[in-house]
Structure formats: C-alpha cells, structure tokens
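First the proteins, then the strands, lettered A, B, ... as listed; each starts at 1.
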There are 2 protein chains.
Amino acid sequence: MTEPEAAARLSALAHEARLKIFRALVAAGPEGLPAGRLAEAVEVAPSNLSAHLAVLAHAGLTRVRPEGRHRIWSVDLEAVAGLVGFLVDDCCQGRPEVCAPLTAIRPSC
Amino acid sequence: MTEPEAAARLSALAHEARLKIFRALVAAGPEGLPAGRLAEAVEVAPSNLSAHLAVLAHAGLTRVRPEGRHRIWSVDLEAVAGLVGFLVDDCCQGRPEVCAPLTAIRPSC
DNA sequence: CTTTCATTTCAATGTTTCTTGAAATATTGG
DNA sequence: CCAATATTTCAAGAAACATTGAAATGAAAG
C-alpha cells in the first residue's frame, strides 16, 4: 500500500454518505446490494449515489458484479485490512505494550 | 463512535500530508514529536503544518503537550481502534469466515 | 422490437478545503 | 527586559469536491 493509495481510500470513506454506503455494504456481506437498494438505504439521489460508488470503487474498496439489470456492490475487506495495517505500521517498535489499544480492533467475530 | 465523528476522523487522515504526519507520529510512539521536527519530516510549511495538526487534533486523533518552548504531538491509538471498529461493524453476522481478512489487521506486534 | 427499469454520464453551480506569507503569541536564554 | 526560537493565527486566493437535474446507456420483459 502506497501513501497516495491509502489517502485515496481514506478520502473515499471520509464522506458521510459514502461512509453510510460502505457500512451498509459491510453489513450486507459478500452477497452485496444493488445500487437501487443502497440509494433507498442512505437516502441519496441515484446520480449522486452512482458518483459515490464510483469513488469507492476507484479507491479499491468495493467491487461490482452485474446481475440481470442490476449492479451488485460489495466491499473488499482485504482492502480495508490493508489500509488499516498501513495506518498503524511501525506502531510498536519493540514495545508491544504501546499498541495494546490496537489489539481491540478485531470486530465482533 | 457516531457517523459524523468517524467521517471527521477519516477526513482528517484523508490528506497526503496529514497521513504522513500521522504515520510519523505513530512511529514516534507515546513520546511524540515537536511540530518543528514534523515540519522537516514531511516537508510542509510551518503554518500549513499547524493547520493540519489542528485538523487531526480536532478529530480526536492526536494529543499535544507543551514542553519548554515546544509543543509535542502524539497519536491516540484508542481513537484509531475506535474508528476501525466502527468501519467494520457488523462485518460478519454469524459467519466468521466472512471477515477472515480482518483478522490480519493486527499490526506487527 | 419497443417499452420499461436500473443505473450512469454530463455539465453547471455551489460549497468546502488547501495553501501561502505576514503578523501575532508565547517561551526561554542572556 | 530584550532577543531569539517555536508555533499558531489570520486573510486571501486557488483548487478540489459535492450536488443537481436532465439526458444517455444498457439489459430484460412483454
């Protein structure tokens, strides 16, 4: 992960509507959601949503697959892991106790 | 963590210079770094750096303490952990295998 | 093959965010 | 107290980003 890549991913997430979209996709899991249902869920105009989804995809955080006349969006959790790893790189140089807060990062599973 | 808070933290990180600053502070550990040395490290004009540090601090990602005529900046790793936890909330509703990528998040320690 | 539905593209506008340099503040050392 | 150092504040212009509505694309059902 390079600095510009990481910044692009953070920029993509750094927007309230896109954050909502992203979290809805996380909750939807690998099956993902079609754009239309996302538009309802986050209450964003379709054209606006489309732009937001393009930003997320361009940053490498989401994937799309066509399905009938829909397009189904889902998140790339490995991209998220890569981003977070980059953020806290070198967090504890020989002092594990320093990054103890980060061991709580693991999600509810 | 609320959505606006999370978005503010992501916005704060979503800038190449601020990302450099942040990572330099992560690497510096709890001791932190004075603004002056950060300015050299990331090659940003002092006034500009000051604005960036204010953004990070306002988002709750960094802390400052005065030390002589310096001001020493450091990161708040718990804030980072909170942000990441928020991002991947509900990632695996009963299907632990779904969020396997996230178990690699843990840093080098 | 025509209509309908889902989504994207485009162009214009408005809003936020960055950057810069100069001036202000605050702290120490002489 | 005065000078020097470290950092922040301020105001202005420049740049990037978000939003809107209308029009275009593309896929599928009748």
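- Atom CZ of residue A/R18 and atom CG of residue A/L53 lie 10.0 Å apart, to the nearest 0.5 angstrom.
- Using a 4.0 Å heavy-atom cutoff across all strands shown, B/R37 reaches no nucleic acid atom at all.
- For the atom pair CD1 (B/I72) and CG (B/L25), the distance works out to 10.5 Å, reported to the nearest 0.5 Å.
- Proximity of A/F86 to A/T2: side-chain heavy atoms (C-beta onward) are nowhere separated by under 4.5 Å.
- Cluster membership check: B/L61 shares its hydrophobic cluster with B/M1, using side-chain heavy-atom separations under 4.5 Å among Ile, Leu, Val, Met, Phe, Trp and Tyr.
- At a non-hydrogen distance threshold of 4.0 Å, B/S47, B/N48, B/H52, B/G68 from residues 45-68 of chain B come into contact with DNA chain C.
- Comparing A/R69 and A/S11 against DNA chain D, the residue whose closest nucleotide sits nearer the 5' end is A/S11.
- Nucleotide D/dA28 holds its C1' atom 10 Å from the NE2 atom of A/H70, rounded to whole Å.
- Within a 6.0 Å sphere centred on CD of B/E97, other residues, nucleotides and ligands contribute more than 12 heavy atoms.
- Using a 4.5 Å cut-off on side-chain heavy atoms (C-beta onward), A/R23 and B/E3 make contact.
- Dense packing is recorded around CD of B/E31, with more than 12 heavy atoms of other residues, nucleotides or ligands lying under 6.0 Å away.
- Between A/H15 and D/dT19, a side-chain N or O to OP1/OP2 separation shorter than 4.0 Å is present.
- Protein chain B touches strand DNA chain C; the 5'-most and 3'-most nucleotides with an atom under 4.0 angstrom of its non-hydrogen atoms are C/dC18 to C/dT28.
- One atom, CG of A/L10, and another, P of D/dA16, lie 19 Å apart when rounded to the nearest Å.
- Using a 4.0 Å cut-off between charged side-chain N and carboxylate O, B/R65 and B/E67 make a salt bridge.
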